[in-house]
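Working notes, structure below.
In this chain, numbering begins with 1 at the start of the sequence shown. Just so you know, these numbers use all the heavy atoms, side chains as well, and skip hydrogens, waters and symmetry mates.
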Amino acid sequence: SFKKIGAFAFQGSGLEAIKIRENVTEIGNDAFEGCVALGSINFSEATSLKKIGNSAFANCYAEDAEGNAISGLTAVAIPGAVTTIDPYAFAGCKSLADADFSQAAELKSIGTFAFAATAMTTIDLSACPKLAILEANAFPGNAYTSVKLSGTILDDANFQNFDFSGATATLAELTLPGGIDGVGGITYIPSNWFGETKYQYTDAEGTHLMPFSALKSLSLPKTVKEIKSFAFQGSGLTAFKVRENVEIINNYAFEGCEDLATVNFSEATALRIIGKYAFSAAGVKEVAIPANADDKPLTINEGAFADSKLKSFSAKSWEGDLADKLFQNTKLTGIVIPAAITGIGAYAFDGCKKLETVTFKHAAKTDKLNFIDDYAFRNCEALTALDLSNTKLTGISAANVRVFEGCFSLATITFPKELTVLGGDGLFADTPIENFVAEDLVACDNLFGMYLDRDEDSPTFGFYQNRDAKNPN
């Protein structure tokens with residue numbers, strides 16, 4: 001009728017099997033530590049057990065001289081009343097491959113290294129709705145194939161205590177803690193947590209990155225508001241859904257995810273920032289971002305989709321500049337640029353060889369486009385015409401170089417009548433410009449005379465502002 005198994009009570013004994021009865025509430029520290037012959041623990045009647053103490057079942061394992069297991073604990077089912085599993089509770093049980101938490105509805109905390117040096121490859125804590133504390137390295141470094149943390153109330157700090165370092169090549173299934181009834185749940189995906197740069201190893205040949213190549217899909221809980229920089233960089237994801245509360249996707253978050261063919265933004269009504277190179281060199285093909293539910297503008301930063309497989313793109317709340325290198329070397333075939341876009345950055349469409357149409361969405365003269373920067377449309381080989389007539393573009397200055405260089409099919413460009421300056425090194429180099437229209441040129445009061453200098457290494461195309469000008473603007 002005793003209620004507690006005391007500290008060190010059976011440490012190092014030759015027990016082969018034990019049964020914990022219904023009146024036991026606590027198993028003390030080191031109670032069965034080092035019981036190398038212990039092969040089974042029967043918790044079926046342990047309806048009152050609340051605490052498994054520090055190192056209570058640690059090192060219940062034995063092996064021969066060649067390192068082969070000869071005895072040891074292979075499985076354990078945590079009973080339903082247990083609230084606490086202390087540090088090192090099952091550490092060193094090298095044969096322990098199965099820890100069953102399906103009945104552990106009262107479990108609140110798992111201590112540091114509780115399941116260290118075990119043979120576990122799957123962890124399912126989804127039936128533990130009160131689990132709030134997961135101490136550092138509670139499940140350290142195994143080659144996990146499946147980890148389920150949904151259904152718990154782990155917060156950001158406790159989630160980050162989970163050690164995935166041994167699972168970079170094996171983790172194929174993962175669910176994340178989303179909290180219950182507003183309690184717990186992660187609010188962001190940490191930097192480098194699933195990506196290449198957090199987990200790495202160094203040998204004589206240098207430092208090597210270890211992306212999560214086996215992780216093909218992942219569902220975000222609704223609690224997540226931010227995906228930090230490098231979060232999934234280089235991972236094996238093939239599909240991803242941006243949920244309704246995500247506000248920020250930070251720099252390089254999905255950079256190098258070559259297999260990521262599908263990114264579903266259909267619920268992303270809170271999204272307001274996409275960071276630098278967030279989807280650069282990723283496999284994403286189509287992006288359609290809905291309007292922000294709170295009418296907040298969407299900012300998309302430098303190179304966000306550069307070198308990706310992107311074919312189509314739309315974003316309803318997109319404002320500000322079309323950033324440098326935003327779509328560089330993508331497979332875009334056409335794009336509608338919203339009226340709220342203020343300029344087109346350097347290299348923005350550089351190398352978009354399949355880009356056929358660029359449409360500027362506007363109500364006449366209300367759009368904000370006022371600059372086009374260096375190399376913006378360079379090597380857009382399929383682009384045949386560009387109509388800028390209803391933008392606020394006043395010119396392309398001599399400081400802007402090779403804006404349309406290599407647009408082999410570009411025969412017609414229409415500029416607005418407000419155009420006052422058009423120049424720049426190699427502005428139309430390697431293009432077949434046949435029709436140049438700026439409101440029929442007549443209304444361009446500040447322009448006089450077109451020049452095309454073919455004598456220089458870089459042909460220059462532009463206008464003199466007056467008859468006496470010696471240098472073009």
[X] to [Y] - nearest heavy-atom pair and separation:
X: G234; Y: C257; value: N-SG, 3.8 Å
X: A239; Y: L260; value: N-CD1, 3.7 Å
X: G343; Y: L369; value: CA-CD1, 3.4 Å
X: P79; Y: L49; value: CG-CD2, 4.0 Å
X: I344; Y: A376; value: CG2-CB, 3.9 Å
X: A288; Y: P290; value: O-CD, 3.7 Å

So V242 and I249, side chain to side chain contact (heavy atoms under 4.5 Å, CB included) or not? Walk me through it.
CA-CA 9 Å; V242 182; I249 300 174; 4.2 Å; yes

Does atom CD of Q103 have more than 12 heavy-atom neighbours, drawn from other residues, nucleotides or ligands, at distances under 6.0 Å?
no

Residue E258 excluded, over 12 heavy atoms near CD under 6.0 Å
no

Mind telling me whether F279 and F254 have parallel, tilted or perpendicular rings, with 30° and 60° as the class edges?
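It falls in the parallel class, under 30°.
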
F57 and F43 aromatic ring geometry - parallel, tilted or perpendicular at 30°/60° bounds:
perpendicular

Begin from the C-alpha positions of D373 and N400 and carry the test side-chain hydrogen bond (donor to acceptor under 3.5 Å, both in side chains) through to its verdict.
CA-CA 6 Å; D373 215 335; N400 297 130; 3.2 Å; yes

Ring pair (Phe, Tyr, Trp, His ring centres under 6.0 Å) partners for [X], two or more places apart:
X: Y144; value: F162
X: Y277; value: Y252
X: F113; value: Y88
X: F101; value: F115

Less than 3.5 Å apart, which donor and acceptor atoms pair up between the side chains of residues 350-359 and the rest of the protein, not counting sequence neighbours?
| from | atom 1 | to | atom 2 | distance (Å) |
| --- | --- | --- | --- | --- |
| D350 | OD1 | R378 | NE | 3.1 |
| D350 | OD2 | Q328 | NE2 | 2.8 |
| D350 | OD2 | R378 | NH2 | 3.2 |

Examine distances only and state if a side-chain atom of [X] and a backbone atom of [Y] form a donor-acceptor pair shorter than 3.5 Å.
X: S409; Y: E381; value: yes
X: N301; Y: I274; value: yes
X: S317; Y: P297; value: no
X: D374; Y: V401; value: yes
X: N158; Y: L134; value: yes
X: D156; Y: T187; value: yes
X: S308; Y: A282; value: no
X: S229; Y: S191; value: no

Please enumerate all residues that pass salt bridge (Lys or Arg N to Asp or Glu O under 4.0 Å) together with [X], with sequence neighbours excluded.
X: K50; value: none
X: E33; value: none
X: E302; value: none

Taking the side chain as C-beta and beyond, is there a heavy-atom pair between [X] and [Y] under 4.5 Å?
X: T145; Y: L171; value: no
X: F377; Y: L410; value: no
X: I248; Y: Y188; value: no
X: F408; Y: T431; value: no
X: I273; Y: L298; value: no

With respect to S109, which candidate in T83, I85, I133 satisfies the side-chain contact (heavy atoms from CB on, under 4.5 Å) definition?
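Going through T83, I85, I133 one by one, the side-chain contact (heavy atoms from CB on, under 4.5 Å) with S109 is satisfied by I133 alone.
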
With rounding to the nearest 0.5 angstrom, report the [atom1] to [atom2] distance, [X] to [Y].
X: I337; Y: K361; atom1: CD1; atom2: NZ; value: 12.5 Å
X: L388; Y: L393; atom1: CG; atom2: CG; value: 6.0 Å
X: I27; Y: N54; atom1: CD1; atom2: CG; value: 13.0 Å
X: T84; Y: E26; atom1: OG1; atom2: CD; value: 9.0 Å
X: S235; Y: K216; atom1: OG; atom2: NZ; value: 9.0 Å
X: I227; Y: K225; atom1: CD1; atom2: NZ; value: 14.5 Å

Taking side chain to side chain contact (heavy atoms under 4.5 Å, CB included) as the definition, give me every residue that meets it alongside D124, ordered by chain and number, with sequence neighbours left out.
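Side chain to side chain contact (heavy atoms under 4.5 Å, CB included) list for D124, sorted by chain: S126, K148.
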
Inter- and intrachain pairs under salt bridge (Lys or Arg N to Asp or Glu O under 4.0 Å), touching residues 270-298, at least two apart
E247-R272

Selection residues 78-101 - residue pairs positive for salt bridge (Lys or Arg N to Asp or Glu O under 4.0 Å), sequence neighbours left out:
K51-D86

Decide yes or no on salt bridge (Lys or Arg N to Asp or Glu O under 4.0 Å) for K228 and E226, but give the supporting numbers first.
CA-CA 6 Å; K228 296 287 190 177; E226 183 174 359; 3.5 Å; yes

Sequence neighbours left out, what passes side chain to side chain donor-acceptor pair (under 3.5 Å) with D324? Give chain and number order.
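D324 satisfies side chain to side chain donor-acceptor pair (under 3.5 Å) with no residue once adjacent residues are dropped.
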
Assess the residue pair D307 and T330 against the criterion (side chain to side chain contact (heavy atoms under 4.5 Å, CB included)); give the C-alpha distance rounded to whole Å, side-chain angles, the decisive distance to 0.1 Å, and a yes or no.
CA-CA 5 Å; D307 300 303; T330 63; over 6 Å; no

Steps toward side chain to side chain contact (heavy atoms under 4.5 Å, CB included) verdict (I110, F139)
CA-CA 9 Å; I110 301 175; F139 298 93; 3.9 Å; yes

Side chains of [X] and [Y]: donor-acceptor distance under 3.5 Å anywhere?
X: T342; Y: D321; answer: yes
X: E405; Y: N379; answer: no
X: S146; Y: T122; answer: no
X: T112; Y: N137; answer: no

Evaluate the criterion side chain to side chain contact (heavy atoms under 4.5 Å, CB included) for residue pair T121 and T170; output intermediate values, then yes/no.
CA-CA 9 Å; T121 58; T170 58; over 6 Å; no

